[in-house]
Number of protein chains: 2
Amino acid sequence: MGQDGRHRRARSTITDVAKAARVHPSTVSRALSAQPGHILRPETRARVVAAADRLGYRPSALARSLRLRRTLTLGMLVPDIANTFLAGIIKGAEEAAHERGYALVLCNTGDLPEREATYIRVLREREVDGVLVASTRMADATVDGMRADRFPFVLVNRGAGGTDDLVVTVDNIAAAAAVVDHLVSLGHTRIAHVAGPRSTTTGAERAAGVVAAARRHGVHAEIVEAETWSEAEGYRAASQLFRGEPPTAAFGANDLLALGVLRAAREAGLAVPADLALAGFNDTPEAVLADLTTIHVAQEEMGAHAARLLIARLEGEPIAERNVVLAAALVVRGSTAAGIVRRRIA
Amino acid sequence: MGQDGRHRRARSTITDVAKAARVHPSTVSRALSAQPGHILRPETRARVVAAADRLGYRPSALARSLRLRRTLTLGMLVPDIANTFLAGIIKGAEEAAHERGYALVLCNTGDLPEREATYIRVLREREVDGVLVASTRMADATVDGMRADRFPFVLVNRGAGGTDDLVVTVDNIAAAAAVVDHLVSLGHTRIAHVAGPRSTTTGAERAAGVVAAARRHGVHAEIVEAETWSEAEGYRAASQLFRGEPPTAAFGANDLLALGVLRAAREAGLAVPADLALAGFNDTPEAVLADLTTIHVAQEEMGAHAARLLIARLEGEPIAERNVVLAAALVVRGSTAAGIVRRRIA
DNA sequence: CCACCAACGGAAATCGTTTGCGGTCTCGCG
DNA sequence: CGCGAGACCGCAAACGATTTCCGTTGGTGG
């Protein structure tokens with residue numbers, strides 16, 4: 001190992017290999033890339049390969065991308081890496097991308113439109129082949145820009161109103177309605193919904209699902225809109241809710257909001273599920289931990305699906321569905337258990 | 001915007017801008033990069049700038065990197081994106097990197113050495129300027145390789161035995177000892193430690209801290225080594241522990257292991273903290289949720305610190321400490337509360 | 001023995017930037 | 001009016017790969 005300990009060893013280039021193997025650089029290229037059209041004498045190829053790994057040669061992806069006009073890289077915009085729901089999506093996307101030889105560059109937008117715009121600019125300067133966007137708003141200038149430029153992108157989890165976009169989501173309306181159905185079946189008639197921001201499709205659709213289902217059952221649903229998707233906002237919204245006569249059931253538009261409601265409920269002395277039935281959305285690890293009834297979303301599959309869809313678009317493969325709606329299922333846990341007085345965890 | 005709706009608009013290059021502004025490409029380059037040495041007639045510069053944004057010109061980071069021999073990109077190897085502890089580190093690293101104009105490419109190794117090797121190869125082909133490694137083992141061929149090539153890297157969270165590496169960690173021995181001190185102070189004398197894999201510095205050091213502290217207090221510490229850092233392994237290890245006479249206190253080498261122990265305890269009918277005091281390590285969001293006593297680690301700071309250290313190394317800035325040890329603090333929560341009979345969560 | 005063809009591999013152009021070098025122009029001063 | 005000093009900016013050579021286009025071999029069939 002590194003016997004030239006002194007200074008950083010220079011990267012060897014295709015020319016170095018060519019010299020070492022006494023062939024032309026073009027021959028090195030042919031020997032190393034297993035393209036079908038390349039016919040090389042086995043002996044020549046062997047000599048090149050030998051020289052290549054004697055020198056520890058690694059082709060420069062930079063130079064190759066410049067010439068080939070593609071980087072085999074995908075960008076991905078997420079509102080928050082530390083959100084476990086998104087982490088699942090990212091993981092699925094990363095693996096699917098890697099499987100097809102693409103790398104993934106992650107960008108944390110913090111759900112801020114201007115950071116989103118900045119990152120898209122950076123990604124496009126870096127010439128990523130396409131991007132996965134998990135942080136869209138409904139009216140989103142960044143997405144409009146990509147649409148206008150016909151720059152390849154896929155929307156994940158949240159849509160953006162456009163009818164022609166490639167999108168991977170779940171059926172939010174049906175899922176939210178399923179939660180309400182479940183709560184009503186337990187006998188609840190005063191249901192609160194802590195909605196996500198209406199500026200996002202997920203927030204708007206889930207609230208719409210709640211409203212529709214409530215109307216169908218003839219029960220009252222009170223909607224409070226949170227400003228962000230965070231636990232803190234769930235707490236804030238719930239504290240406000242509990243000031244008056246508290247509802248008997250609450251449904252957070254995602255698990256974090258529901259956990260915020262849980263914290264507020266505990267502080268208000270409301271026991272879950274005895275005094276307040278509680279449900280969330282996404283089925284993150286936290287939901288499992290808090291024994292929270294929620295909607296299960298196949299996170300990794302969602303990410304993987306989105307990545308594969310984008311790659312299919314990039315490679316010009318036929319696209320079966322432009323608008324993929326994954327199945328989501330109600331998972332009933334202790335937080336809405338009927339007849340159970342109290343459960344303990346710790 | 002995009003009035004040529006038909007086909008993908010070709011990216012405009014520096015040459016296009018040069019033509020449009022009736023200058024040489026080199027002049028465009030000078031006009032657009034605010035280097036101190038470049039003297040341009042204001043009028044010329046204005047003409048170039050105008051042409052550039054009329055054409056929506058964006059310099060190709062690819063071509064620039066090729067020429068400049070640096071990509072302003074960092075790679076980062078993590079065992080699992082979906083792990084909230086790592087998510088915090090990643091977030092901190094990503095932000096610090098972005099602040100200094102670097103992008104971050106994430107790679108999920110799944111804690112598998114061969115995937116680690118593959119990813120390092122990919123990253124180096126892409127000519128990232130350096131990498132952050134959060135998934136090292138103690139004897140790690142990949143790290144050895146980078147050391148030998150003098151390729152810039154920083155180890156985060158886990159070290160790798162090398163004395164000369166750039167490393168950002170916490171004082172695992174002291175922190176683990178603090179947990180034992182705390183448990184002993186509550187009167188526990190039969191303490192179990194579910195250790196992380198000894199092949200990692202974190203696993204080995206925390207176990208060592210436990211052993212040392214136990215000896216110092218003259219109490220018995222039983223060590224069970226988990227094979228991975230997962231909740232499932234914690235559960236498995238604990239189930240095994242509980243077969244005989246169960247200990248009165250258990251300490252998981254990270255929060256996930258501790259949560260696994262919690263699940264096993266519940267199944268074994270042991271109440272926490274009444275029958276079993278429980279502690280973890282890292283202070284992840286899950287620990288807060290489960291009201292788990294743990295060691296607080298400043299995750300984002302750790303990631304940010306590591307990124308800044310790497311960038312300092314890359315830019316040839318002076319490096320104060322090669323081996324940064326961040327402070328960690330014991331956070332006492334309900335899972336080790338003295339005198340509390342039972343707490344409920346849901 | 002010659003012609004022809006396939007197989008092989010060299011030369012050079014290209015991808016989009018940056019930058020050292022030096023040419024031209026403008027100005028001010030003697 | 002001549003000359004030197006800057007100022008400004010064009011030229012061309014990199015950076016490291018891929019690929020098209022040919023020229024050269026060597027073998028084979030007539």
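By convention in this document, chain letters (A, B, ...) are assigned in the order of the sequence lines, proteins followed by strands, and residues within each chain are numbered from 1.
- If you check every strand for non-hydrogen atoms under 4.0 Å, Val23(B) touches sugar and phosphate atoms only.
- A salt bridge between Lys91(A) and Glu95(A) is absent, with no side-chain N of the basic residue lying under 4.0 Å from a carboxylate O of the acidic one.
- Note: CG (Leu72(A)) to P (dA17(D)) measures 16 Å, nearest angstrom.
- Between Arg41(A) and dG9(C) there is a side-chain N or O to OP1 or OP2 distance below 4.0 Å.
- Counting to the nearest Å, the P atom of dG16(D) and the NZ atom of Lys19(A) are 11 Å from each other.
- Between the CZ atom in Arg11(A) and the CD atom in Glu125(B) there is a gap of 7.5 Å [rounded to 0.5 Å].
- For Arg64(A) and dT18(D), a side-chain-to-base donor-acceptor distance below 3.5 Å is absent, hydrogens and geometry of angles not being considered.
- Following rounding to the nearest Å, Glu43(A) (CD) and dC8(C) (C1') show an atom-to-atom distance of 12 Å.
- Between the CZ atom of Arg126(A) and the C1' atom of dT17(C) there is a distance of 15 Å, given to the nearest Å.
- In this structure, CD of Glu125(B) is placed 15 Å from P of dG16(D), rounded to the nearest angstrom.
- One N or O donor and one acceptor, one from the side chain of Arg30(B) and one from the base of dG10(D), sit under 3.5 Å apart.
- Under 4.0 Å is where a charged nitrogen must lie from a carboxylate oxygen, and between Arg322(B) and Asp165(B) no such pair does.
- When heavy atoms are screened at a 4.0 angstrom cut-off, Leu40(A) is found touching the sugar-phosphate backbone but no base atom.
- Of all nucleotides listed (dC8(C), dG16(D), dC9(D)), dG16(D) comes nearest to the side chain of Ser60(A).
- Note on Ser26(A): a base of the nucleic acid sits closer than 4.0 angstrom, heavy atoms only.
- Inspection of the Ser135(A) and Asp111(A) side chains reveals no N or O donor paired with an N or O acceptor under 3.5 Å.
- Comparing Tyr57(A) and Arg45(B) against DNA chain D, the residue whose closest nucleotide sits nearer the 5' end is Arg45(B).
- Of all nucleotides listed (dT17(C), dG9(C), dG16(D)), dG16(D) comes nearest to the side chain of Leu66(B).
- Not a single donor-acceptor pair under 3.5 Å links the side chain of Thr73(A) to the backbone N or O of Val128(A).
- Residue whose closest nucleotide on DNA chain D sits further toward the 5' end, between Pro42(B) and Thr13(A): Pro42(B).
- Side-chain contact between Leu40(B) and Thr27(B) is present, with at least one heavy-atom pair separated by less than 4.5 Å.
- Note on Leu62(A): nothing from the nucleic acid sits closer than 4.0 angstrom, heavy atoms only.
- Taking atom CZ on Arg11(B) and atom C1' on dG16(C), their separation rounds to 9 Å, with Å as the unit.
- The separation between Leu32(B) atom CG and dT19(C) atom P is 13 Å, rounded to whole Å.
- Distance from the side chain of His24(B) is smallest to dC11(D) among dC11(D), dG9(C), dT17(C).
- Heavy atoms of Ser29(A) sit under 4.0 angstrom from at least one base atom.
- If you check every strand for non-hydrogen atoms under 4.0 Å, Ser65(A) touches nothing.
- The CG atom of Leu68(B) sits 12 Å away from the C1' atom of dA14(D) (whole-angstrom rounding).
- Between Arg67(A) and dA13(C), a side-chain N or O to OP1/OP2 separation shorter than 4.0 Å is absent.
- Heavy atoms of Arg70(B) sit nowhere under 4.0 angstrom from any nucleic acid atom.
- Arg58(A) contributes no side-chain N or O that forms a donor-acceptor pair with the base of dG16(D) under 3.5 Å.
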